[in-house]
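Step one of this worksheet: look at the structure below.
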There are 2 protein chains.
Amino acid sequence: MPASGTRDNIVTEADRLFYEQGFEHTSFQHVADAVGISRGNFYYHFKTKDEILDAVIERRLSDRQEMLGVWEMEGETPHQRIASFVRILIMNEAKIRQFGCPVGSLFLELSKLDHAGEDGARRLFDLFRTWLRQQFEAMGCGKDADDLAMHLLARSQGVATLANAYPAETFLEREVQQMLAWLDAVAAQADILTI
Amino acid sequence: MPASGTRDNIVTEADRLFYEQGFEHTSFQHVADAVGISRGNFYYHFKTKDEILDAVIERRLSDRQEMLGVWEMEGETPHQRIASFVRILIMNEAKIRQFGCPVGSLFLELSKLDHAGEDGARRLFDLFRTWLRQQFEAMGCGKDADDLAMHLLARSQGVATLANAYPAETFLEREVQQMLAWLDAVAAQADILTI
DNA sequence: CGAGATTTAGGACACTTGTCCTATTTTGTC
DNA sequence: GACAAAATAGGACAAGTGTCCTAAATCTCG
């Protein structure tokens with residue numbers, strides 16, 4: 001695993017281009033130009049387009065996993081960690097307004113292509129779903145934890161989609177506040193049940 | 001406007017293929033094969049791919065507008081009409097599980113392509129947004145009507161996205177019930193304010 | 001320095017794409 | 001039945017695609 005800088009650069013640029021322009025619309029040439037290498041060199045590192053896609057998905061998975069790991073170690077409460085998740089929408093506001101959610105848009109595209117990578121893209125959803133479920137469980141939501149996780153995932157997806165469609169509006173901030181309020185309500189309800 | 005059957009067939013098949021496989025991934029050849037005509041005949045009806053896209057968007061717009069019109073004429077209350085909107089998710093459950101939301105997925109794709117048709121696709125969102133706003137206004141939600149419309153649109157988008165990612169689960173029905181309950185709460189709140 | 005492995009460049013290949021042109025067939029009307 | 005218009009078929013065209021090959025350049029290490 002020499003991790004030649006070039007390979008990493010390819011994954012980085014492919015990651016960005018797949019997000020900004022979509023997987024199918026991004027060609028070998030696009031990525032090669034972005035990295036500043038020739039198509040021939042490209043082929044040395046990745047034999048097929050699917051190999052790049054796999055590498056991009058792995059990159060996204062490990063990026064997100066690291067982010068969740070940091071939140072775990074910062075010693076916050078589950079409630080605060082879920083709030084951090086919701087606030088991703090604000091942290092990445094500019095990009096989301098331009099290109100939507102990287103997870104949702106990649107999955108949607110691969111799903112329409114009947115592409116094998118669809119399963120890889122779903123793993124990105126799984127990562128957040130499982131993590132959210134664990135946080136809700138730690139909050140004392142017991143058997144509802146997975147439903148709550150799915151609910152929050154769906155809300156986030158919807159907000160990202162509409163923020164992309166109407167990028168000039170204050171809608172995103174408003175919805176984030178509503179989700180945080182919803183989270184407080186869920187936490188309060190869980191406290192009552194636990195007492 | 002002779003409305004030769006062939007032209008209508010082209011729009012119908014293109015509409016379906018754009019939904020199922022995406023706009024970019026669908027070629028002239030795909031549509032021609034689906035309709036059962038030659039590429040040459042195709043060119044007689046549509047000079048460019050963008051012309052087909054425009055026609056498909058117009059078709060989707062008029063289809064949805066008609067649907068909303070029917071709900072208006074059935075003499076239901078605004079509350080019941082909005083509930084009908086929410087239940088689209090259940091009516092089209094099978095397709096949504098397979099291909100997601102036709103409005104959201106088309107917009108997302110065109111947005112990534114920086115395609116001029118993006119504006120056309122946004123008009124589909126606008127159609128529902130405006131209609132929902134009017135219903136909420138009629139329910140007495142006054143200045144919140146547009147926010148509520150956007151909220152419900154976002155929720156629906158999110159549910160469609162996750163139902164597409166996890167097609168085998170009961171998530172969709174559960175979320176629809178929650179949206180209907182939310183709608184009841186909004187209505188009750190509006191009633192209090194109106195009294 | 002110099003030999004061997006790694007990395008890069010440049011182009012070939014068959015295929016598909018959107019677009020466009022020109023014949024041929026079908027249709028509708030006197 | 002004849003003729004103009006509408007509709008259809010089939011293929012040409014340049015451009016771009018993913019894939020693959022080979023020769024050159026660069027790096028590594030004795």
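The chains referred to below are lettered A, B, ... by the order of the sequence lines, with proteins before strands, and numbering in each begins at 1.
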Are any side-chain N or O atoms of Glu109(B) and backbone N or O atoms of Glu24(B), one a donor and one an acceptor, separated by less than 3.5 Å?
yes
What's the shortest heavy-atom distance between Gln21(A) and Leu113(B), and which atoms?
O-CD2, 4.3 Å
Specify the separation, in whole Å, of atom NE2 of His45(B) and atom C1' of dA7(D).
6 Å
Rounded to whole Å, how long is the line connecting atom CD of Gln21(A) with atom P of dG16(D)?
15 Å
How many whole angstroms separate atom NZ of Lys49(B) from atom C1' of dT16(C)?
12 Å
Can a side-chain donor-acceptor contact be found between Trp131(B) and Gln65(B) if the only test is distance below 3.5 angstrom?
no
Gln29(A) CD to dG18(D) P: how many Å, rounded?
9 Å
Atom CZ of Phe28(B) and atom P of dA9(D): how far apart are they, to the nearest Å?
16 Å
If you check the Ser27(A) side chain, which of dA7(D), dG18(D), dT8(C) turns out closest?
dG18(D)
When rounded to whole Å, the CZ to C1' distance for the pair Phe42(B) and dT17(C) reads 13 Å
Contact nearer the 5' end of DNA chain D, comparing His25(A) with Tyr43(A):
His25(A)
Given dT7(C), is OP1 or OP2 found less than 4.0 Å from the side-chain N or O atoms of Thr6(A)?
no
Please determine whether a side-chain nitrogen of the Lys or Arg among Glu169(A) and Arg129(B) lies less than 4.0 Å from a carboxylate oxygen of the Asp or Glu.
yes
Integer-rounded Å distance: dA24(D) P and Ile37(A) CD1
21 Å
Closest to the side chain of Asn41(A), out of dT19(C), dA9(C), dT17(C), is dA9(C)
Let me know the distance between OH of Tyr44(B) and P of dA7(D), rounded to the nearest Å.
4 Å
Given dT19(C), dA9(C), dT19(D), identify the nucleotide with an atom nearest to the side chain of Arg39(B).
dT19(C)
